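Let me begin by presenting the structure, written as structure tokens, before commenting on it.
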Amino acid sequence: MRVFLASIPLEGRTVRVIGEGHFAEAKLRLFLTSPAKIVWHKTGDGPVAADIAARVTISDRPEPKKKALRETALLFVAGEPSERIKRLAKRYNVMLNVVDSPAQSSFQTPALIDRGGVVAAVATGGAAPLLARDLRSVVESALPNGIGLLADLAQDVRATVKSVLPKFDDRRHYWARALRGPARDRALAGDEAGARRALLSELNGPQEAPQGVVHLVGAGPGDPDLLTLKALRLLRDADVVVHDRLVPAAILDRVRRDARRIDVGKTKGSHPVPQDAIADILIDEAKAGNRVVRLKGGDPFVFGRGGEELERLQDAGIEAYVVPGVSAAMACAAAAGVPLTHRDHAQAASFVSAVVKTGGAQPDWAALATANHTVAVYMGVGAAASVREGLTAAGRDPATPVAVVENGSLPDERIVAGRLWDLDDLIAREGVSGPAIILIGEAAGRALARFNQEQGESARESVA
Ligand code: SAH
């Protein structure tokens, strides 16, 4: 360990920044959410950003007086410090950071992750600040936003806990239960009152068979980089992951190693695990006290039957949360460069399933046939002819551009394009067979032009 990361209490302390410009402002911003008094010895006459003006005292002196300097918790200098500052800082052991000059500094600023009550920091002792910043993003993704709230609440109840549980070991056991149990879930969900209640009720001793929790999590279209930070954190935290067929291995790799995985994957026509049985599994696992992630392709509430699962969980009195994911239509639109809405070409967008439950209502083709309207069809590969017929019979222009994106965001992603009158032939000709989104609308015009150009180029290449 070349450097030691200490934490300095900021309550009732003063932080000073001497200097001007971007670096001075960056240091000031570090402390905006802290309880410290922040004083800026502004050395130039540049403008003051609104967030800084609202929180920082701007001194009319270019440098603090001696007494003020001695009472300063941290002093930052953006630029070259004066001889006086150097001398006084040394004499009074002031914590001094000269931006970009480790030699003149008594401390360096680590890369910080600020979650209020929880602060994490990465330091390389000034050797490679960029490396520290990259690592910060890694830590950033693992530290949920609400974790600071949990720490703040723990601080609030600390005295109560001490008086109720005078023995150190009892307190240790209490914190181990309290900070990992329901209070954590509530805090991370932003429910302050619920988290506080959970912390306090844990004081009555271990709750009988603590109930688990189910998160219905959207895994996105397949590219692990399109997981949300929250999804990733929940995967790392889960005891049990119940997942669909569409969730690829690259995403399941992110699941905590010793978590149990239950594959309830469906294939069209054959339902290995019926929907009711899936809900039963979720309920049973949660009742057994597990942290359950129900991982679904795309977004749980877009043709994912997440709504039905949530209803069953709620009816069974299970604590359940929904974490949105990037839905296939969005990922495929992005891949094909088809804006779902566009000021000129698409004033509305609709997500439609081409497959409806037996006896269910057919899509309302008339409503979808209006011009300047992007229609994103899920599960449409096998039903492309009926999509074409439905839309054109209802009056949609048969020349409307279409783009079909197969395996969107995955390594074998493929984009083909054509016109509505040719949709089912296009799919058959190109042999589209994987999960695909059909994007229909004027906004697909550019994707069609690009596809035709590429086709032309490859035709010329094969001739040559
Ligand atoms: N809840 C999911 C949709 C599930 S329905 C979501 O929000 O994306 C399954 C259908 O989604 C597939 O038939 C296909 O139409 C579409 N789909 C899912 N993943 C896809 C992908 N990577 N590329 C293209 N389409 C996809």
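Ligands are counted one by one from 1 in listed order, and the atoms in each one are counted from 1 as well. Predicted, not measured: the structure shown is a model, and the values here were computed from it.
Not a single heavy atom of S409 sits under 4.0 Å from any atom of ligand 1.
Of all protein heavy atoms, the one closest to atom 5 (S) of ligand 1 is F303 O, 3.5 Å. Here the heavy atom of the protein found nearest to atom 2 (C) of ligand 1 is G297 O, 3.2 Å. The protein heavy atom nearest to atom 10 (C) of ligand 1 is M379 CG, 3.8 Å. Considering only non-hydrogen protein atoms, atom 23 (N) of ligand 1 sits nearest to G408 N, 2.7 Å. Regarding atom 1 (N) of ligand 1, its nearest protein heavy-atom neighbour is V302 O, 2.6 Å. Nearest to atom 11 (O) of ligand 1 among the protein's heavy atoms is Y378 CD2, 3.5 Å.
Remark: R396 fails to qualify as a cation-pi partner of W365 under the 6.0 Å distance and 45° angle criteria applied to the six-membered ring.
Taking a cutoff of 4.0 Å between a charged side-chain nitrogen and a carboxylate oxygen, D244 and R294 qualify as a salt bridge. A salt bridge is absent between D422 and R388; no separation between the charged side-chain nitrogens and carboxylate oxygens falls under 4.0 Å. Using a 4.0 Å cut-off between charged nitrogen and carboxylate oxygen, D280 and K287 do not count as a salt-bridge pair.
When each atom of ligand 1 is checked for a heavy atom of C332 under 4.0 Å away, the hits are 23 (N), 24 (C). Applying the 4.0 Å criterion to heavy atoms of G298 picks out, from ligand 1, the atoms 2 (C), 6 (C), 7 (O), 8 (O). Proximity to D299 (heavy-atom distance under 4.0 Å) selects the following atoms of ligand 1: 1 (N), 6 (C), 7 (O). Atoms of ligand 1 found under 4.0 Å from any heavy atom of S327, numbered from 1 in the order shown, are 6 (C), 7 (O), 8 (O).
Between P300 and ligand 1, no N or O atom pair is found at a separation short of 3.5 Å.
Contacts with ligand 1 closer than 4.0 Å are made by backbone heavy atoms (N, CA, C, O) of A436 only, the side chain lying farther away. Heavy atoms of V377 found under 4.0 angstrom from ligand 1: none, in either backbone or side chain. Proximity of V405 to ligand 1, defined as any heavy-atom pair under 4.0 Å, is confined to the backbone N, CA, C and O atoms.
Of the possible polar contacts, none joining the R115 side chain to the G148 backbone as a donor-acceptor pair under 3.5 Å is found. Remark: the backbone N or O of A231 is paired with a side-chain donor or acceptor of T228 at under 3.5 angstrom.
By the salt bridge (Lys or Arg N to Asp or Glu O under 4.0 Å) test, E192 is found to be paired with R196, residues two or more places apart in sequence or in another chain being considered.
Looking at A328, G325, G380 and measuring to atom 16 (C) of ligand 1, the nearest heavy atom belongs to A328.
Note: F351 and Y378 have tilted aromatic rings, judged against thresholds of 30 and 60 degrees for the angle between ring planes.
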Audit row: V404, I437, side-chain contact (heavy atoms from CB on, under 4.5 Å) steps and yes/no: CA-CA 6 Å; V404 181; I437 291 287; over 6 Å; no
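For residues 143-154, no pair satisfies side chain to side chain donor-acceptor pair (under 3.5 Å), with sequence neighbours left out.
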